[in-house]
Amino acid sequence: MRILILGGDGYLGWPTAMHLAARGHEVVAVDSYLRRQLCREVNVRPLNEVPELDKRCAIWQSLTGAKIEYRIGDLTEWEVIAGVFRDFGPQAVVHYAEQPAAPYSMLNRHTATLTLRNNLLVTANVIFAVKEFSPDAHVVKLGTMGEYGTPNIDIEEGWLEVAHKGRHQKFLYPRQAGSLYHTTKIMDTDLLWFYVRTWNLRVTDLMQGPVYGIFTDETEKDERLLPFFNYDEIFGTVLNRFVVQAVAGYPLTVFGKGGQTRGFLNIKDTLNCIRLSLENLPNQGELRIFNQFTETFSINELADKVKAAGTDFGLNVDIQHLENPRIEAEEHYYNPSHTGLMELGLKPHYLDDKTLAEMLQFVIQYRDRIDRDQIYRQVKWA
Ligand SMILES: NC(=O)c1ccc[n+]([C@@H]2O[C@H](COP(=O)([O-])OP(=O)(O)OC[C@H]3O[C@@H](n4cnc5c(N)ncnc54)[C@H](O)[C@@H]3O)[C@@H](O)[C@H]2O)c1
């Protein structure tokens with residue numbers, strides 16, 4: 001298949017590009033380096049040094065003989081995305097290219113409007129480019145479990161059958177996000193659903209939970225192929241952050257009571273979910289939604305797991321409950337379903353002692369690069 005990876009320099013985009021190229025697909029990765037630029041602007045950097053796409057593609061080719069093409073450009077600009085579609089004629093588009101950090105979107109007016117503009121414009125341009133150049137292409141879009149929020153009823157997989165005064169209709173499951181970033185994902189879903197109904201697009205919208213980990217089958221070939229591993233409060237995801245905190249001797253930063261519960265997944269499973277979605281097409285005119293996570297944990301449970309794993313490594317790990325800078329329920333009901341990807345054949349990598357040990361080992365190797373000032377900035381929601 002000819003597959004475009006939008007956001008191909010990112011934490012998930014680059015491993016996805018390698019995963020698909022290793023399986024014989026023709027891959028073009030597109031990125032504007034927005035993530036790198038925003039990290040510089042807020043003065044954070046990943047734990048590891050990550051070469052830019054020209055170098056990574058060359059390393060990949062020298063190791064495997066397979067090619068990953070890349071283009072550098074801002075996908076909010078129509079000429080950029082139109083040019084890529086015209087040249088490549090993709091059969092599938094994996095759309096990761098958004099500002100992905102909830103805390104970044106809540107910093108100030110500038111970061112809020114950048115997030116809105118960037119995320120909605122890229123999604124709109126993807127829709128228009130598919131319509132104009134590749135109307136049969138399958139769009140695989142990354143949404144988030146955060147679109148649903150934490151309702152006091154079971155979360156279904158994208159849709160809810162509503163009975164009202166004796167009549168029935170299926171609607172998008174009600175969504176109420178907890179940050180502006182998550183709200184842009186809701187707006188993306190609405191845009192996609194509108195154009196699926198209007199232009200018969202073929203879309204899979206993946207409601208993904210927070211991802212952890214750094215290793216995939218392809219990164220084993222060379223350390224320079226590893227994706228970003230951010231541990232700061234703005235771009236780091238919670239488990240990756242806790243592992244770095246454990247190694248740095250920094251008490252694990254649990255916000256509030258720590259009963260906040262989410263669905264998590266290993267980065268290896270993200271790649272498998274994307275591949276399974278690509279291999280099993282939805283119909284033309286269908287918006288297919290999967291909940292993409294493999295198991296749920298509360299923040300307290302994650303902290304306890306990291307503490308136990310760290311102790312096995314001889315680390316002295318404390319857990320600290322900090323005043324919650326976010327506005328969110330700290331204790332709540334959470335029961336989301338997630339059967340769709342399992343039915344397509346997903347075999348989850350669960351969070352076990354071995355996975356935590358691998359992550360700790362990786363971080364210990366880079367411990368001299370940990371900057372403690374990045375760990376807790378108190379980005380306040382209010
Ligand atoms: N990492 C997670 O835990 C997680 C969880 C749920 C959903 N997601 C979603 O998955 C996607 C990928 O997340 P990630 O963690 O890899 O983030 P990331 O920031 O590492 O990757 C996104 C990439 O898109 C690029 N990009 C953004 N706007 C662009 C534009 N206008 N033009 C060209 N490139 C642009 C960025 O430079 C970056 O490299 C995002 O949409 C994110 O919201 C991530």
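Atoms within a ligand are numbered from 1 in the order they appear, just like the ligands themselves.
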Geometric cation-pi criterion R36 and Y33, 6.0 Å radius, 45° cone: yes
Charged tip of R56 within 45° of W60 ring normal and under 6.0 Å: no
Any side-chain donor near an acceptor of the partner, Y96 and T16, under 3.5 Å: yes
Ligand 1: protein residues within heavy-atom distance under 4.0 Å: G7, D9, G10, Y11, L12, D31, S32, Y33, L34, R35, G73, D74, L75, T76, Y96, A97, E98, P100, N118, V122, L142, G143, Y181, K185, Q208, G209, P210, V211, T237
F133 and W78 aromatic ring geometry - parallel, tilted or perpendicular at 30°/60° bounds: parallel
Pair Y173 + Y148: ring centers closer than 6.0 Å: yes
Presence of salt bridge, R241 and E233, under 4.0 angstrom: no
